[in-house]
Student: 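Sending over a structure as structure tokens; questions will come in a sec.
All figures in this text were calculated on a predicted structure; none of them were measured in a lab. Both counts, for ligands and for their atoms, begin at 1 and track the order of listing.
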Amino acid sequence: MNLKNFFVRKETGNLAELMEEGVPYHVAVIMDGNGRWAKKRGLPRIAGHRAGMESVKSITRAADEIGIRILTLYAFSTENWKRPVQEVDFLMRLPQEFLLMELDTLIKKNVRLQILGDVSALPSHTRESVLEAVDKTASNTGMLLNIALNYGSRAELLAAIKQIAADVRSGSLTIDQINEEAVNSRLLTRGIPDPDLLIRTSGELRLSNFLLWQCAYTELWFTDVLWPDFTKEHFYEAIRAYQKRGRRFGGLK
Ligand code: IPE
Ligand code: IPE
Ligand code: MG
């Protein structure tokens, strides 16, 4: 038997199996470890961020290939502004660089791009390029790619709480009407079902202010692999692990 064919068949077989088991509808990823990846190689941290962008491309494609409907990637937190200004400047240029390379592919693949986070605080060059891409993909009906950029869960919840308070004061909402749906509909993720699976790379075991409300019953999967080293195969490994979990949502199986 030709060895090359064997590997091709094996790979497609596994993928078909993976899809048959049912893929999660919404996967969220805390893409962490770029700085450590660079440090290990004696490179500046920004080299790690550039390498991490390659993983963003390949994981977006991998998710689309197996029919994941929503992929949410944590790219920059409300706390990441604390980093040295040169690093922040570099990170704020990456979305443009990514879109320059990938926007045509995203459009071709029918992917819809959305930004989660306060875009008004982004530098104008970053804001303009991401909003243009959001606009250009707005009518796409395939996978939804959420990029969490200047996102923080507490800021999101505080904004929702303030809105609820204002609605109560104006009389458009009563206190009795404050329920989960009232909160959900005021979050940046309004209209999007909660993540089924959350992946965090780089060995850190925390949520770092990501989707705190939305992850109430999300399955968590952690790996020591640093984000720039995270491949399609690692991603599918996480999906397989998810497929073996028993989700009870507080009830009984
Ligand atoms: C993740 O990698 C990217 C962002 C948070 C923007 P880090 O930059 O946090 O890399 P480490 O955690 O320092 O290795
Ligand atoms: C979380 O990673 C934010 C992103 C991946 C964008 P951090 O590297 O900022 O998180 P901490 O500081 O280790 O918690
Ligand atoms: Mg980090």
Student: Tell me: protein heavy atom nearest atom 2 (O) of ligand 2, and distance?
Tutor: Arg200 NH2, 3.5 Å
Student: Going by the atom numbers of ligand 1, which of them fall below 4.0 Å from some non-hydrogen atom of Asn34?
Tutor: 1 (C), 2 (O), 3 (C), 7 (P), 10 (O), 14 (O)
Student: Answer with side chain, backbone, both or neither: which part of Ala148 has a heavy atom less than 4.0 angstrom from an atom of ligand 2?
Tutor: neither
Student: Using a strict threshold of under 4.0 Å (side-chain N to carboxylate O), is an ion pair present between Glu97 and Arg93?
Tutor: no
Student: Decide whether an N or O pair under 3.5 Å exists between Phe76 and ligand 1.
Tutor: no
Student: Can you find a pair of side-chain heavy atoms, one from Arg248 and one from Tyr217, that are under 4.5 Å apart?
Tutor: no
Student: Heavy-atom contacts under 4.0 Å between Met31 and ligand 1: side chain, backbone, both, or neither?
Tutor: backbone
Student: Among all protein heavy atoms, pick the one closest to atom 10 (O) of ligand 1 and tell me residue, atom and distance.
Tutor: Gly35 N, 2.9 Å
Student: So, Glu17 and Gln243: side-chain donor and acceptor under 3.5 Å apart, yes or no?
Tutor: no
Student: Answer with side chain, backbone, both or neither: which part of Ser202 has a heavy atom less than 4.0 angstrom from an atom of ligand 1?
Tutor: neither
Student: I'd like to know if the side chain of Asp176 pairs up with that of Thr174 as donor and acceptor (distance under 3.5 Å, no hydrogens or angles considered).
Tutor: no
Student: Do Arg83 and Trp81 meet the cation-pi criteria used here (NZ or CZ under 6.0 Å from the six-membered ring centre, within 45° of the axis)?
Tutor: no
Student: Can you tell me which portion of Asn80 lies within the under-4.0 Å heavy-atom range of ligand 1? Options are side chain, backbone, both, or neither.
Tutor: side chain
Student: Just jot down the ligand 1 atoms closer than 4.0 angstrom to any heavy atom of His49, in number order.
Tutor: 3 (C), 8 (O)
Student: Give the residue, atom name and distance (to 0.1 Å) of the protein heavy atom nearest atom 12 (O) of ligand 2.
Tutor: Arg206 NH2, 4.5 Å
Student: Give me the one residue out of Asp32, Val225, Val56, Val29 that meets side chain to side chain contact (heavy atoms under 4.5 Å, CB included) with Phe230.
Tutor: Val225
Student: Return the closest protein heavy atom for atom 14 (O) of ligand 2 as residue, atom name and distance.
Tutor: Ser208 OG, 2.6 Å
Student: Based purely on interatomic distance, does Glu204 place a nitrogen or oxygen under 3.5 Å from a nitrogen or oxygen of ligand 2?
Tutor: no
Student: Any N/O/S atom, side chain or main chain, of Asp32 closer to the Mg ion (ligand 3) than 2.8 Å?
Tutor: yes
Student: Out of all atoms in ligand 1, which are within 4.0 Å of some heavy atom of Ala75? Include the element for each.
Tutor: 6 (C)
Student: State plainly whether the residues Arg36 and Glu204 are in salt-bridge range, i.e. N to O under 4.0 Å.
Tutor: yes
Student: Could you tell me whether the side chains of Asp196 and His26 share a donor-acceptor contact shorter than 3.5 Å?
Tutor: no
Student: Distance only, no hydrogens: is a donor on one side chain within 3.5 Å (strictly under) of an acceptor on the other, for Ser139 and Arg112?
Tutor: no
Student: In Å and rounded to the nearest 0.5 Å, what is the CG to CG distance from Leu145 to Leu71?
Tutor: 5.5 Å
Student: For Trp213 and Asn184, does a side-chain donor sit closer than 3.5 Å to a side-chain acceptor?
Tutor: yes
Student: Is it the case that ligand 2 has an N or O less than 3.5 angstrom from some N or O of Arg83?
Tutor: yes
Student: Check this for me - ligand 1, Arg45, N or O atoms closer than 3.5 angstrom, yes or no?
Tutor: yes
Student: Which atoms of ligand 1 have any heavy atom of Arg36 under 4.0 Å away?
Tutor: 11 (P), 12 (O), 14 (O)
